[in-house]
Engineer: 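I have a structure I would like to understand better, so I am pasting it below and will then ask my questions one at a time.
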Protein chains: 2
Amino acid sequence: MSSTRPTPPGATIYSVAERAGVSIATVSRVIQRPEVVSGATRQRVLDAIDELHYVPLGAARSLAVRHHEAHGLVLPELAGPYFAELLVGFEERAAELGQSVVLLLADTKRDVDRAVRQLSTRVDGLAVFASTVSAETVSRVRQGRKPVVTVAGGVAAAGLGTESISAENASSARELTEHVLAHGRRRVLFVGDPDLSSDTAARHDGFVAAHRARRRRPAPPVRIAFRENDGTEFAERLLAGEFTADALVCANDELALSVMTHLQDAGRDVPRDVAVVGWDDVMTARYVRPGLTTVRQPVADLGRLAAERLHHLVDGDDPADEPWVLPTRLVLRGSCGCG
Amino acid sequence: MSSTRPTPPGATIYSVAERAGVSIATVSRVIQRPEVVSGATRQRVLDAIDELHYVPLGAARSLAVRHHEAHGLVLPELAGPYFAELLVGFEERAAELGQSVVLLLADTKRDVDRAVRQLSTRVDGLAVFASTVSAETVSRVRQGRKPVVTVAGGVAAAGLGTESISAENASSARELTEHVLAHGRRRVLFVGDPDLSSDTAARHDGFVAAHRARRRRPAPPVRIAFRENDGTEFAERLLAGEFTADALVCANDELALSVMTHLQDAGRDVPRDVAVVGWDDVMTARYVRPGLTTVRQPVADLGRLAAERLHHLVDGDDPADEPWVLPTRLVLRGSCGCG
DNA sequence: CTGTTAGCGCGTTCAC
DNA sequence: GTGAACGCGCTAACAG
């Protein structure tokens with residue numbers, strides 16, 4: 001790939017054994033199960049390790065035990081707090097289980113599938129976020145006997161021997177929308193593209209359900225992407241009169257915040273003129289005025305569960321048929337019209 | 001560590017060779033340098049690989065080539081955008097260089113040094129953030145012939161064969177402080193503990209230097225930690241009259257934002273009653289009103305450079321004696337008294 | 001409690 | 001253009 005010359009030869013289990021005057025088996029034991037070695041020889045070995053600055057070669061161990069003791073995690077990006085929290089939860093639980101985590105960020109790569117195949121070469125299992133990886137590659141990995149868990153992939157991701165883990169979206173979306181309607185809003189817009197992610201799709205489903213329950217016809221979703229500038233652009237169109245709305249249910253907080261701020265800067269009053277709500281409960285949501293009403297997901301728990309399940313799958317568990325769905329919680333602040 | 005049973009035997013280079021009717025050497029060639037193999041046999045091998053769902057074992061390759069082709073990255077945590085950006089830059093460059101990145105988060109671990117030693121077992125080199133890892137452990141890793149680069153570790157981290165990478169802090173701090181003083185502020189407080197991180201120490205140095213340049217005596221730093229609630233607490237003490245100040249230079253944006261918001265909620269006018277500035281230019285900084293004046297660091301570049309240098313060190317470069325220092329930039333918004 | 005030895009799967013000379 | 005054979009460093013029986 002890159003380097004020409006090999007690593008300069010460091011100490012090995014052999015040099016340590018020689019120096020301590022024992023066999024390599026004993027050195028190995030001192031490292032793996034110190035208690036089975038007599039105190040005296042153990043100390044001699046430890047001294048030798050110290051003097052030679054011995055660092056065991058993980059690859060050699062992995063080869064011998066036929067385990068990488070590492071989990072792969074594929075995330076689309078790391079913007080905003082969502083993915084960071086997911087990663088933290090994953091890493092935390094993985095570490096508790098004695099597994100390293102090898103991280104792969106999809107958005108900066110030319111060829112994600114190649115990178116994932118390469119990754120699968122050095123881990124015991126893979127956690128992939130939603131649709132960052134092609135179904136074909138996932139199934140290749142699966143056929144290569146590596147467990148895969150999908151995070152926030154929706155039902156579509158299940159099957160193929162892949163386990164699915166996600167947060168509850170539809171019913172919280174319904175609850176949130178009902179809350180907005182209960183504030184007396186008549187013209188509620190869903191801002192975000194259901195086709196862009198299964199999370200968004202589920203949220204839109206809940207949005208529609210809430211309207212149906214009140215025998216109201218939901219407006220068609222405003223299909224825009226997730227980022228700040230997408231929100232700004234939408235706000236412009238709204239101000240220009242392209243849409244009429246007295247409430248906006250945005251697919252996530254970044255979107256909601258950029259829309260809300262932009263409307264306020266243009267002289268609109270939130271929530272009086274228009275209510276704005278979002279998803280994720282990012283830090284900014286509690287700093288803006290009014291505070292942003294949103295839905296908090298147990299993101300770190302998603303990560304933890306992914307690591308946990310992956311570990312069990314590597315250990316030989318059969319994949320669960322049913323997806324794992326974690327509960328979410330409404331966070332009411334001022335932007336929806338609440339006092 | 002955990003798992004009892006080994007991975008079920010998947011396809012190996014041997015089974016592929018057998019199936020394709022060639023030797024393992026040929027299979028290896030097809031994977032490493034396809035062009036040296038004749039078209040016909042190459043295709044037979046590729047077919048066999050496909051049919052058997054062959055996934056090479058990274059550990060075996062690593063053992064043979066004496067390279068992990070992986071970099072370790074040790075970060076204290078992943079809260080806020082700072083570390084995420086650093087990680088993104090690091091991962092991006094590492095991937096370009098064909099290296100995997102193994103991530104270790106220090107704050108969730110019981111025994112960080114143990115975890116780091118364990119990590120050093122499976123990577124070719126280590127990038128560690130500031131003082132997440134004890135000097136002793138770093139030097140052990142170094143003596144084990146693994147390159148180490150320190151990010152945001154200040155000058156103290158240099159030496160020991162370790163390369164140091166950080167952002168310029170002192171002179172931007174001086175510039176920022178001078179800017180605040182130029183707005184006519186008389187009683188400026190530095191909020192943050194210089195002993196907590198070398199970044200903060202350097203910022204405080206700049207703060208002091210700006211005062212000295214005007215022949216003013218800097219107030220002693222308010223020694224509090226970095227998090228939101230630390231800021232809130234400080235704001236309470238300020239409101240209670242424990243401190244007097246017409247400007248606050250906060251060690252980072254999280255601190256600045258929580259202080260500013262809390263003061264505003266208590267009826268204070270920012271910047272009229274008190275100016276507030278910070279560091280990092282987090283997303284929230286441009287959403288609050290007034291916008292937060294802050295210093296932008298090339299955080300992703302820090303990460304990229306760390307990955308780059310690490311790679312060269314692994315390749316045999318001699319460690320640079322001088323630390324790498326990347327430039328920063330003032331971002332003026334309203335909270336300092338501008339506009 | 002300790003030593004001997006046979007792999008683990010792959011890269012790589014060196015012949016052919 | 002291809003194959004045979006050795007070595008990478010470590011773990012895990014098995015013997016003693």
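Residue numbering restarts at 1 for every chain, and letters A, B, ... go by the order of the sequence lines.
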Engineer: Please name all residues satisfying side chain to side chain donor-acceptor pair (under 3.5 Å) with Arg19(B), sequence neighbours left out, ordered by chain then number.
Structural biologist: Glu51(B)
Engineer: For the backbone of Leu97(A) and the side chain of Gln99(A), can you confirm whether one donor and one acceptor N or O come within less than 3.5 Å of each other?
Structural biologist: yes
Engineer: When rounded to the nearest 0.5 angstrom, what is the spacing between CZ in Phe83(B) and CG in Leu78(B)?
Structural biologist: 8.5 Å
Engineer: What is the per-nucleotide protein-contact pattern of nucleotides 11-16 of chain C, from the 5' end, where B denotes a base atom under 4.0 Å from a protein heavy atom, S denotes such proximity for sugar-phosphate atoms only, and - denotes neither?
Structural biologist: BB----
Engineer: Checking Glu308(B) now: which residues fulfil side chain to side chain donor-acceptor pair (under 3.5 Å) with it, not counting sequence neighbours?
Structural biologist: Arg93(B)
Engineer: Counting any heavy atom closer than 4.0 Å, what does Leu57(B) reach on the DNA or RNA strands: base, sugar-phosphate only, or nothing?
Structural biologist: sugar-phosphate
Engineer: Pick out which of Leu73(A), Val74(A), Val123(A) makes a side chain to side chain contact (heavy atoms under 4.5 Å, CB included) with Val102(A).
Structural biologist: Val123(A)
Engineer: Is there side-chain contact between Leu75(A) and Leu103(A), with heavy atoms separated by less than 4.5 Å?
Structural biologist: yes
Engineer: Under the salt bridge (charged side-chain N to carboxylate O under 4.0 Å, His left out) test, which residues partner Asp50(B), sequence neighbours left out?
Structural biologist: Arg140(A)
Engineer: To the side chain of Arg66(A), which of dC10(D), dC8(C), dC8(D) is closest?
Structural biologist: dC8(C)
Engineer: Name the nucleic acid region contacted by Thr41(A), choosing base, sugar-phosphate or nothing; use a 4.0 angstrom heavy-atom cut-off, strictly under.
Structural biologist: sugar-phosphate
Engineer: Using rotation axes that map the C1' atoms of four end pairs onto the next four (five pairs an end), what angle separates the end axes of the helix from dC1(C)-dG16(D) to dC16(C)-dG1(D), to 10°?
Structural biologist: 30°
Engineer: Side chains of residues 26-39 of chain B: which donor-acceptor pairs under 3.5 Å do they make with residues two or more places apart or in other chains?
Structural biologist:
residue: Gln32(B); atom: OE1; partner: Arg61(B); partner atom: NH1; Å: 3.2
residue: Ser38(B); atom: OG; partner: Thr41(B); partner atom: OG1; Å: 2.9

